[in-house]
Number of protein chains: 2
Amino acid sequence: MRALTALSERSVPTVSSEELAAAAGVNSAKLRKDFSYLGSYGTRGVGYDVEYLVYQISRELGLTQDWPVVIVGIGNLGAALANYGGFSARGFRVAALIDADPAMAGKPVAGMPVQHTDDLEKIISENGVSIGVIATPAGAAQQVSERLIAAGVTSILNFAPTVLSVPEGVDVRKVDLSIELQILAFHEQRKAGEEAAAAAAGGSSSVGGAAAAAAVVPPAGRTAAEQRKGGPEGDVPAVMPA
Amino acid sequence: MRALTALSERSVPTVSSEELAAAAGVNSAKLRKDFSYLGSYGTRGVGYDVEYLVYQISRELGLTQDWPVVIVGIGNLGAALANYGGFSARGFRVAALIDADPAMAGKPVAGMPVQHTDDLEKIISENGVSIGVIATPAGAAQQVSERLIAAGVTSILNFAPTVLSVPEGVDVRKVDLSIELQILAFHEQRKAGEEAAAAAAGGSSSVGGAAAAAAVVPPAGRTAAEQRKGGPEGDVPAVMPA
DNA sequence: TCATGTGAAAGTTTTCACAGCA
DNA sequence: TGCTGTGAAAACTTTCACATGA
């Protein structure tokens with residue numbers, strides 16, 4: 001979708017699966033197969049109409065409608081989220097900012113007055129909000145989630161470092177900022193291990209009890225699109241069988 | 001690892017693959033197979049020693065060492081990251097906060113004086129930093145990444161809404177806050193579609209050209225551990241073959 | 001006796017390669 | 001001719017089920 005949007009902005013009329021795959025850093029056959037599940041939106045011998053494809057995928061991903069969201073907990077992170085331009089650019093409208101601190105009430109953040117938690121239920125129902133963002137301290141998160149859900153929210157993006165317990169039918173996504181760092185650290189460690197291994201090539205290595213430094217992820221040429229989610233390989237650090 | 005840490009905090013001495021799998025919401029056979037790649041750390045008939053397993057996995061994930069990181073761009077998000085307790089709790093030490101605004105220099109954020117970009121190279125080398133966090137505006141990110149890399153950083157966590165172009169050997173993870181919302185919105189849309197489908201059960205549905213609402217992700221019972229990454233199924237919205 | 005560790009089976013995803021159509 | 005759409009093959013992941021050992 002990112003690659004497509006970029007093409008659309010450059011007013012490129014059509015694109016082949018090969019070109020789009022290169023831009024997105026995926027295999028062209030996979031891209032075609034994936035698109036085929038949505039329907040036959042391409043033209044043989046020509047490629048895909050960029051605008052049409054953008055529309056079809058947007059629709060499929062639910063980006064054609066406008067989603068009102070509330071952000072609860074307007075600390076540093078909440079304020080950062082409120083100011084984050086990417087939301088409005090992608091079909092999300094920040095309907096309200098909510099905080100439990102009475103001193104925050106009325107204060108403008110990102111050009112919008114912060115409202116008090118007391119009005120949470122009213123705000124949710126009046127705006128037809130179904131997606132809530134929790135950026136409160138860990139201690140408040142569970143309670144906030146319960147109030148959000150009782151008021152009608154069915155999807156929650158949780159930045160608080162707690163696992164929320166929610167009824168079935170409610171989706172929770174947890175963003176753990178430190179996990180991203182952990183994944184980088186994992187690969188950093190591997191790099192160090194590889195260097196050491198290369199330096200001591202052939203030497204008598206003292207392996208403790210496991211395949212600690214022995215299992216090495218193949219470096220492989222990195223394409224721009226692997227930045228989709230980052231690290232050398234996938235999302236989860238892979239430990240290869242021996 | 002989360003499940004294990006919880007057991008460790010409750011001073012549970014040993015755990016079977018079955019128990020741990022239930023707590024983590026995964027299949028016990030998979031858990032055993034995964035562990036087997038790290039080594040044979042269990043005892044047949046007994047299970048796994050919690051502390052020992054925590055240690056082994058920590059080591060494998062690179063959590064036993066302390067990683068100094070710098071945060072560049074001390075706006076709302078940068079400040080939020082600096083204040084985020086989760087980092088220090090997981091083996092990361094914020095070595096420095098760096099901002100390009102001279103007015104920020106010296107200001108304390110999270111009990112630490114903000115330093116000016118001019119000193120970036122010096123800070124990196126003196127602290128032996130290999131992981132950098134970019135929380136600058138999009139326009140500054142590429143340049144900042146280049147300076148970080150030139151100074152010796154080999155892993156970057158990028159919060160700026162830009163794709164960074166980096167030399168081979170440097171890892172970049174991009175955190176796109178709006179993508180999380182998009183995934184929630186995708187599932188929201190599905191929920192709405194399922195309701196509509198249930199309401200009009202048996203009726204003559206007008207399918208446009210594709211399997212729009214036709215492809216439905218099975219709701220399935222949700223376990224706590226699915227919150228690892230959120231949505232009903234995996235990371236990426238799945239469209240099922242017909 | 002109980003739970004690990006692991007071959008083998010089942011299931012899923014990705015890639016190949018080419019028929020078919022504009 | 002050129003590129004899509006897709007069966008079939010290959011690669012990979014997950015689960016089963018049981019021999020093995022504490």
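Note on naming: letters A, B, ... go to the chains in the order of the sequence lines (proteins, then strands), and numbering restarts at 1 for each one. Basis for what follows: all heavy atoms, side chains included, without hydrogens, waters or symmetry-related copies.
Computed from coordinates, the Leu31(A) CG to dC3(D) C1' distance equals 13 Å when rounded to whole Å. The OH atom of Tyr37(A) sits 9 Å away from the C1' atom of dT6(D) (whole-angstrom rounding). Rounded to an integer number of Å, the gap from CG of Leu20(A) to P of dG2(D) is 20 Å. To the nearest angstrom, P of dC3(D) lies 13 Å from CZ of Arg44(A). When rounded to the nearest whole Å, the span between OH of Tyr41(B) and P of dT6(C) equals 12 Å. The distance from atom CG of Leu53(B) to atom C1' of dG5(C) is 14 Å, rounded to the nearest whole Å.
No hydrogens or angles considered: a donor-acceptor pair under 3.5 Å links the side chains of Tyr52(B) and Gln56(B). A donor atom on one side chain and an acceptor atom on the other are not found under 3.5 Å apart for Arg59(B) and Thr64(B). Between the side chains of Thr154(B) and Glu188(A), at least one donor-acceptor pair of N or O atoms lies under 3.5 Å.
Phosphate proximity of dA22(C) to Tyr48(A): absent, as no side-chain N or O sits under 4.0 Å from OP1 or OP2. The phosphate of dT4(C) has OP1 or OP2 within less than 4.0 Å of a side-chain N or O from Ser17(B).
One distance of note links CG of Leu177(B) with CG of Leu81(A); it measures 6.0 Å at 0.5 Å rounding.
Between dT6(C), dT4(C), dT6(D), one nucleotide has an atom nearer to the side chain of Ser36(B) than all others, and that is dT6(C). Considering only side-chain atoms of Ala29(B), the nucleotide from dA17(D), dA8(D), dA17(C) that sits closest is dA17(D). Counting only heavy atoms from C-beta on, Thr43(B) has its side chain closest to dA22(D) among dT4(C), dA22(D), dA22(C). Among the nucleotides dA3(C), dA22(C), dC16(D), the one closest to any side-chain atom of Asn27(B) is dC16(D).
For Arg32(A) against dG5(D), a side-chain N or O and a base N or O form a donor-acceptor pair under 3.5 Å.
A salt bridge links Arg90(B) and Asp176(A); the closest N-O separation between the charged side-chain nitrogens and carboxylate oxygens is under 4.0 Å.
Two residues, Lys33(B) and Lys30(A), neighbour DNA chain C, and the one matched to the more 5' nucleotide by heavy-atom proximity is Lys33(B). The nearest heavy atom of DNA chain D to Gly45(A) and to Asp34(A) marks one nucleotide each, and the one closer to the 5' end goes with Gly45(A).
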